[in-house]
Structures are given as structure tokens and as C-alpha cells.
Novice: 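Below: one structure in C-alpha cells.
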Amino acid sequence: MDFFWCRHRFALLFGREGSDNHKMIKRGNPIHIEDHMTKKLHYPDLQVCVLAAGRGKRMRSNLPKVLHKVLGRPMIDYILQTVESLTPKAIAVVTGHASEQVRAHVGQPANLEWVIQDKQLGTGHAVKQCEEVIRDVRDVLIVCGDTPLLRTETLATLVDEHRQRQSDVTVLTAEPANPFGYGRIVRDADGRVTSIVEEKDADEAQRAIHEVSSGIYCVRFEVLFELLHAIGNRNAQGEYYLPDIVPLALTAGQSVEAVLMDDADEMLGVNDRVHLAHVEDVMQRQIIEEWQRRGVTIEKPDTVRIEASVKIGMDTVIQAGCYLLGATQVGDECRIGPNAVLIDAWVDDRVNIFAFSHIHSAAVGADALVGPYARLRPEARLDEQVHIGNFVEVKKAVIGEGSKVNHLSYIGDATIGRDCNVGAGTITCNYDGANKFLTEIGDDVFIGSDTQLVAPVRVGDGATIGAGSTITRDVPADGLTLSERNPQRHVEGWQRPKKDRR
Ligand code: UD1
Ligand code: MG
């Protein structure tokens, strides 16, 4: 029995063995979708500050806002990946509310410093907490932890423009269809930015302004902290607003610039769960369009969920209602769905996963058929050309090349060799209420319908088991094994009761 294929490839998914990356890159998809979205740049004299201390009151959640997930990934991961791709000198992340949870999630990358904001007194106050950790840089780029659609290129444009225009304070602005909730960009008659007014502080005329602040700034390091020390908190929210550095800079004779971004969606900030769903929709559309451009057919794209870290091969068809989640990888020329769920699944080329199948942490070999209505649970590994049919559940089991389990079966804690046929309704009885035991089936075995294999038990190569058998002892190779059957009787003259149909 050769389980090499399964063990080896499955290890790639679950990280148990050495890697085989050239193979993975070839089959899954040449480039990870996230790689495409972020390009590496180089800003060695730039400090980044990520503001992530807010409670996210409007989320109404015990989970800190930046740990809420967008397409399967916490929001903070997106922004950290985006700013890391600038290769800045250092990144300071300001946390406060539930900071331990945020830190535990992010870990400790080398160029990242954690800054605590004990009380969330506003965005200006949050940046001020970074004073101790920032030194010897030209500019400070301030971003919010709640804008997961932001792209590295956009931040690079902001920094480049800021430097080209020799600005002291530069704010990234946008013109979204609905400016509600954002700080408005107030300009004078000459079009120069004079202030940023928050929704809650704005009068009617200011609320009518369509240009808003993205909350993202590039500020010359030399002027930043002097400005931050000067801001007050006399406003509708009693907070120290970062946007207040704009009028303060102008008063001090410094220059303020605004860079307008083309795509207002990119700066969408998540403040509540309505925003979360909206941002997820925008990102989902981007991801689906990217896979379509890479040769994947996606039917009824509005009904499909494909998370950010999924990979899909060329000429694969994803049918309506499918969920491809987590680290799922699907090879070339597969057909998935409709309505199949794949979570951390590894699927090789030319596989058919039929309707309503559920695959979780399992691997499927090339040319296999799965479902409809099949369930592959963690550590199920199907070799090439395996057929798993309707209402079959497979858990922690290896099924060898060409073997078939086509109807209504449970295969758990088992190994099945190649070219076996497992009849309808076969059950591996793997559990005695306290312990799990293994069923080991050789190659070319035929198991009759409605067989119970009471583990631990082995079935030798070439064996045939008669239908309806309860197998409690090892089965030798070849020949026929069957458990004692009750003799069949015939009752002459017996009449089935009939309904009165008059
Ligand atoms: C903020 C801006 C607004 C801008 C919008 C863009 C201010 C006062 N307002 O509003 O001009 O249009 O972003 O999305 O800056 N945070 C802290 N500590 C605090 C308060 C907030 O770290 O004391 C962090 C939050 O975790 C969040 C970010 O700062 O990541 C922005 O705070 P949020 O409350 O979302 O501000 P908005 O109302 O969105
Ligand atoms: Mg916000």
C-alpha cells in the first residue's frame, strides 16, 4: 500500500513534514492572491504608526475592533501587511483596549514596537504616545487599524507626494459616495486645506462637503510632536483629535497638503458591523475578479465566498453558493459545487466535488469524485481516483488509489488500500465509548453492504466480506469471510394486512 502521496502532500497542508513547494506553486496557483495585492517598496527613513487602541464602541463586541475578521483574516493583519510592504524603518502599533489580545494575535515581528495608550482620549492622543519610540526618521506615516482595503501603492503615493511638495503635514483624502461619519476637508477660496471637521462637530455647510479625510497622514517628524502637544479636546467628543494638527500647522507657518485618492473604497473604515459587511463585499468582489482574470470560472459570483488566503487553479469551475475558506487550495480543472463548503481543504487537479459536500482539513487526490452530500472531516486523505459518494463520512482515514466508498458509510480511524470497493452502509466501529481503534484494510478488498468492522481489526489483501457481516476478528487475505447469518425462513400463506381502500 503506498500512502506516500497522501502523507507527503497532506503534510504541506498541516505542516508535519518537509515541504514540496515547487509542486505546490505549480498546482495551486502561481501567485498568492495577497502577493499580487501588495508590492515590496523601500522607505528606510519612514516611521509608521498604526492606531489600534480604540474600543470600537460601535462594533458592540467583546472582541477588539481590529481583531474582527474580513474574509477570514483579522483587520489588523491587512494593515500590517500593507505597511510592512513599504519596508519602513519601524512600525509602532498603538493598542489600549484589550491590548493583550491584539498582541497575542500579532506576535512580535522584528521591526514592530508596541505602544500602550491607557485611556482612549482620541487619535491625536494615541499618536502622542509614540513619542518615546520614534527617532531619526524623516517622516511619520499615521494609519488606522480599521481600514483593511488600503493598498501599499496608495500609501507610497502619499509619502512621495508629501516629499515632492515639501509639505509638513499631508492628509490622504477621498470623495466617497456617502461622506457620512468621516471628517470633512475644509478648503479656503484658493482651494487650500484649512481644517478637518469631524461629523459630530460639523455644521450643515460642512456636512455637505464631499471630500473626507481617510484618517491617514504623512507628517514631517520634526514638527509632529510639537503639533500634537498643542492640540486640545474642546469638541463634541471631548477627544484629542489628530486632525487638529492641520490648523495648528498652518498657524505655525507650516505647509499642509492633501492627496486625493482615486478609489474611495480603499479608505473605507470599519466602525460598525454594517461597515464590516460592506468592506467584506468590496474585498470579495476584488478577490473573485482576480481569480476570474487568472482563469477560474465562478458562476453566480455574488453567492460565492472565497477567503483571502484561498488558492485556485486554472480552468477550475466554482459553482453557485460555494464557500472556500481558510487555507483551502484547489488545483486545475476541478469542478466544485454548487453549495459545497471547503475549509482548509487541499484538492488536487481534475477533482469533482459535487453539491452540498463539506470538506474540512482534508486532502483529495487528483481525479477523485466526492459527493453529492459527502463529508470529509479532519485528516481524511483520498488518493487519486477515489470515489466518495452520497452520505459518506470520512474522518482521519486514508483511502487508497481507485478505491470507492459510494453510499451511506462511515469510515473513521481507518486505512483502506487501493482498488477496494466498500459497499453501501459499511461502518467502521472505531469507538468503544472511551478509546478509538484502527481499521486496516488491504488492497483489492470487496466489502459487502451493511458490514460493521469492529476495530481494532485488519482485512487482508484480496479479501471479500459477505453482506451484512459483523467483523470482530482479523480477516485473512483472499477468500470469502462472512459472519454467521440467521437462516432464512419462508412462512407459507402469510398475508400482509391491507388498508380498506373503498
Ligand atoms: C477617524 C478620523 C476621521 C476620519 C476617519 C477615517 C479623528 C478624530 N477622526 O474617525 O477624521 O475621517 O477616521 O476612517 O481622527 N484610536 C486610538 N485611540 C483613540 C481613538 C482611536 O488608537 O483614543 C484608533 C482606533 O482604534 C481606530 C483609529 O484610531 O483604529 C480611528 O478611530 P475611530 O474611532 O475609528 O475614528 P473615526 O470616527 O473613524
Ligand atoms: Mg474609524
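Note that the structure is predicted; figures quoted are calculated from it, not measured. Just follow the structure's listing: the first ligand is 1, and inside any ligand the first atom is 1. The residues of the chain are indexed from 1 along the displayed sequence.
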Novice: Side chain of Asp344, backbone of Ala327: donor and acceptor closer than 3.5 Å?
Specialist: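 A pair under 3.5 Å: yes.
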Novice: Parallel, tilted or perpendicular, judged at 30° and 60°: which one describes the rings of His125 and Tyr240?
Specialist: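 Answer is tilted, since the angle falls between 30° and 60°.
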Novice: Using a distance threshold of 2.8 Å, state whether an N, O or S atom of Asn271 lies below it from the Mg ion (ligand 2).
Specialist: yes
Novice: Using only atom types and a distance under 3.5 Å, with no angle test, would you say the side chain of Thr123 pairs donor to acceptor with the backbone of Leu242?
Specialist: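 Side chain of Thr123 to backbone of Leu242, a donor-acceptor pair under 3.5 Å: yes, one is there.
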Novice: Could you please provide the protein residues found below 4.0 Å of ligand 1 on a heavy-atom basis, arranged by chain and number?
Specialist: Leu51, Ala52, Ala53, Gly54, Arg58, Lys65, Gln117, Gln120, Leu121, Gly122, Thr123, Ala126, Cys144, Gly145, Asp146, Tyr182, Gly183, Glu198, Ser213, Ser214, Gly215, Tyr241, Pro243, Asn271
Novice: For Arg55, I'd like to know if atom CZ has over 12 heavy atoms of other residues, nucleotides or ligands within 6.0 Å.
Specialist: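 Check fails, neighbour count at 12 or below.
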Novice: Report yes or no: is the cationic atom of Arg73 (NZ for Lys, CZ for Arg) under 6.0 Å from the centre of the six-membered ring of Tyr78, at an angle within 45° of the ring normal?
Specialist: yes
Novice: Let me know which of Glu199, Glu211, Glu198, Glu204 forms a salt bridge (charged side-chain N to carboxylate O under 4.0 Å, His left out) with Arg184.
Specialist: Glu199
Novice: Considering only N, O or S atoms, which atom of Asp146 is nearest to the Mg ion (ligand 2)?
Specialist: OD2
Novice: Answer yes when Glu257 and Arg165 have at least one side-chain N-carboxylate O distance shorter than 4.0 Å, and no when they do not.
Specialist: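 Salt bridge present between Glu257 and Arg165.
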